[in-house]
There are 2 protein chains.
Amino acid sequence: MSSSVQRKRIRKDPAARRAEIVATAAAVALAEGLECVTLRRIGEELAVRPGLISHYFPSAEELVAEAFGNAATAELDRLLPAAGAGAEGPEPGTAPARVAPSGTAPHGAGAADAGPLVRLRWFLGRTVGEEYDAISRLWINARHLSRYRPLLRERVARQEAAWRGRLEELIRDGVAAGEFRTADPLGAAVQILVVLDGLGVHVNTVTPARPAAVLRMAHSTAERELGLPADALGHPESTEQSPS
Amino acid sequence: MSSSVQRKRIRKDPAARRAEIVATAAAVALAEGLECVTLRRIGEELAVRPGLISHYFPSAEELVAEAFGNAATAELDRLLPAAGAGAEGPEPGTAPARVAPSGTAPHGAGAADAGPLVRLRWFLGRTVGEEYDAISRLWINARHLSRYRPLLRERVARQEAAWRGRLEELIRDGVAAGEFRTADPLGAAVQILVVLDGLGVHVNTVTPARPAAVLRMAHSTAERELGLPADALGHPESTEQSPS
DNA sequence: TTGCTTATTGGTCGCACACTCAATAGCATC
DNA sequence: GATGCTATTGAGTGTGCGACCAATAAGCAA
């Protein structure tokens, strides 16, 4: 009954099909790496011929860049939602397709309507642990591949700017609310991100267990740069549920 | 006179040939990336058939891992020479072939016989600027590729340990000499390296100019962790010759 | 000089990739 | 129900890769 391949063509709306392709590519990129985003792979994933993918993306590199941009944007929105971005969502229907946020909705401590300090603590708490590993892997992947792929390089630069901007905005909010104290919100944001990058590069390697001081580097950098008392941002493990 | 290909076989000592292959692979890895280390590419570089390369390296992955290890070791020795490693060199002739250190011999400020503080300042001074970019690129490359290549992953872990150990040793020397003050030399070393990694991941992307505070992050981390006064380690650009 | 070991060649195979393009068939519209 | 647009297929091209192996010749030893 199921031995013959399905020959039935499913003809879809170009915009919807394109969105579907991008979403699939983003998922593959996040889970397996950008080099697995190939015409064949994505075509197979969607039960569609490779030629169709190249119909929507004349060059494969475009798809790869789009996949990265999509995945990174989704993760940024999940980890560091823009202030005031509640459940309503801006411009429903108009927004380009994005990979579905994996499970954990930012409802509660990380919600965009909480205070800057709480939001920052929540963000930093999410940047340690296995949950963040896939994102670290994606960034390393993209940063390396940027060496050879101009289009991807540009997308990486744009995402960098987005993450930097989002964090800077959070810091400005905190300064305005009197929770943070810094003369250079952008500089503080960059420093925190540099430390996060440095902490994240080891995901693909087996690294000896790190002391708490190292695991807390992003936290202590933020505390120092934002004029917060030590431990104001919590400990990496204390924000999470207790390990089984 | 030179139209016909050279058919003359040059038969070399296996050890020498192997060393030659590794050195070439390391150079290609450093200059163009680990994915350019292929049987064909290295064979062409040495005017030799690809089959010969696989004769010495049954799996291509082994060669890639070896190339990385070789390049990284050479760079470590150049940037952070082991204390007491002067011109004599340990066990001459026995050491495996390494890519030739590129020009700048560590004679002077960075020499292994200088004091720990001077050596550290020299090292940090070398980690900013275009000179270090190739090394940053290599590390990102290797860290990403480690995701798919177990042999390389292990080599990366070994190199990480080597860099960490070398820096820790330098710090211990400094503590013993009364120049540094820390209760946890290893922790300090790791923190400095994390910051360096974080600063280095952007080499393949166009990034907006960074403020001095960011460029000095490794310096200030070291000063903080080693109980040094601010600016004790100099400024990134002041250690170098003046730009033209 | 002769012989022998083995470093080196030349060729082949299978695989995965991006890219091209004429032919085909869904599906909305009339 | 017929028609036309176009999303989708199928088939084929060329490239580069690692791996494999029998044949060959370089250079050392007898």
Minimum heavy-atom separation for A:Val203 to A:Arg137, with atom names? O-NH1, 3.5 Å
Nearest-0.5 Å distance that lies between atom CG in B:Leu52 and atom CD1 in B:Ile42: 12.0 Å
Between B:Arg41 and B:Glu44, does any side-chain N to carboxylate O distance fall below 4.0 Å? no
If I take atom CG in residue B:Leu52 and atom C1' in nucleotide D:dA26, what distance separates them, rounded to the nearest angstrom? 13 Å
Main chain of B:Arg11, side chain of B:Arg17: is a donor-acceptor contact present, judged purely on distance under 3.5 Å? no
Can you check nucleotides 22-25 of chain D for protein contacts, nitrogen or oxygen pairs under 3.5 Å, and list what you find?
from	atom 1	to	atom 2	distance (Å)
D:dT24	O2	B:Arg9	NH1	2.6
D:dT24	O2	B:Arg9	NH2	3.4

Which pairs, protein N/O on one side and nucleotides 16-18 of chain D N/O on the other, fall under 3.5 Å?
from	atom 1	to	atom 2	distance (Å)
D:dC17	N4	B:Arg40	NH2	3.3
D:dG18	OP2	B:Leu39	N	3.3
D:dG18	N7	B:Arg40	NH1	2.9
D:dG18	O6	B:Arg40	NH2	3.3

Nearest-angstrom distance from the residue atom CD of A:Glu20 to P of D:dA7: 14 Å
In terms of side-chain geometry, is the basic nitrogen of A:Glu75 or A:Arg126 positioned less than 4.0 Å from the acidic oxygen of its partner? no
Near-strand residues of residues 146-156 of chain B, defined as heavy-atom separation under 4.0 angstrom from DNA chain D: none
Does a side-chain heavy-atom distance below 4.5 Å link B:Val48 with B:Ile21? no
As an exercise, state the distance from CG of B:Leu34 to CD1 of B:Ile140, rounded to the nearest 0.5 Å. 12.0 Å
Output yes when at least one side-chain N/O atom of A:His55 is less than 4.0 Å from OP1 or OP2 of D:dA7, else no. yes
Terminal axes of the helix from C:dT1-D:dA30 to C:dC30-D:dG1 (5 end pairs apiece), angle rounded to 10 degrees, sit apart by 10°
Hey, does A:Pro50 reach any base, or is it just sugar-phosphate, or nothing, if we go heavy atoms under 4.0 Å? nothing
Does A:Glu61 have any side-chain contact (heavy atoms from CB on, under 4.5 Å) partners at least two apart in sequence or in another chain, and if so, which? A:Ser59, A:Arg149, A:Pro150, A:Leu151
Reckon B:Arg49 has a side-chain N or O less than 4.0 Å from the OP1 or OP2 of C:dA7? no
Using a strict 4.0 Å threshold on nitrogen-to-oxygen distance, state whether A:Arg147 and B:Glu35 make a salt bridge. no
Assign each of A:Phe57 and B:Val48 to its nearest nucleotide of DNA chain C by heavy atoms, then name whichever residue's nucleotide is nearer the 5' end. B:Val48
So, OP1 or OP2 of C:dA7: does either fall under 4.0 Å of a side-chain N or O from B:Tyr56? no
Rounded to the nearest angstrom, tell me the gap between atom CG in B:Leu46 and atom P in C:dA7. 16 Å
With sequence neighbours left out, the residues meeting side-chain contact (heavy atoms from CB on, under 4.5 Å) with A:Arg153 are A:Ser146, B:Thr205
Rounded to the nearest 0.5 Å, how far does CZ of B:Phe68 lie from CG of B:Asn141? 9.0 Å
Could you state the atom-to-atom distance from CD1 of B:Ile53 to P of D:dC20 in whole Å? 16 Å
Quick test of your reading of the model: are B:Glu160 and B:Arg164 salt-bridged, counting only N-O distances below 4.0 Å? yes
Test log, rule side-chain contact (heavy atoms from CB on, under 4.5 Å), inputs A:Leu196 and A:Phe123: CA-CA 11 Å; A:Leu196 282 178; A:Phe123 169 62; 3.9 Å; yes
Say you draw a straight line from CG of B:Leu167 to CG of B:Leu120; how long is it, rounded to the nearest 0.5 Å? 7.0 Å
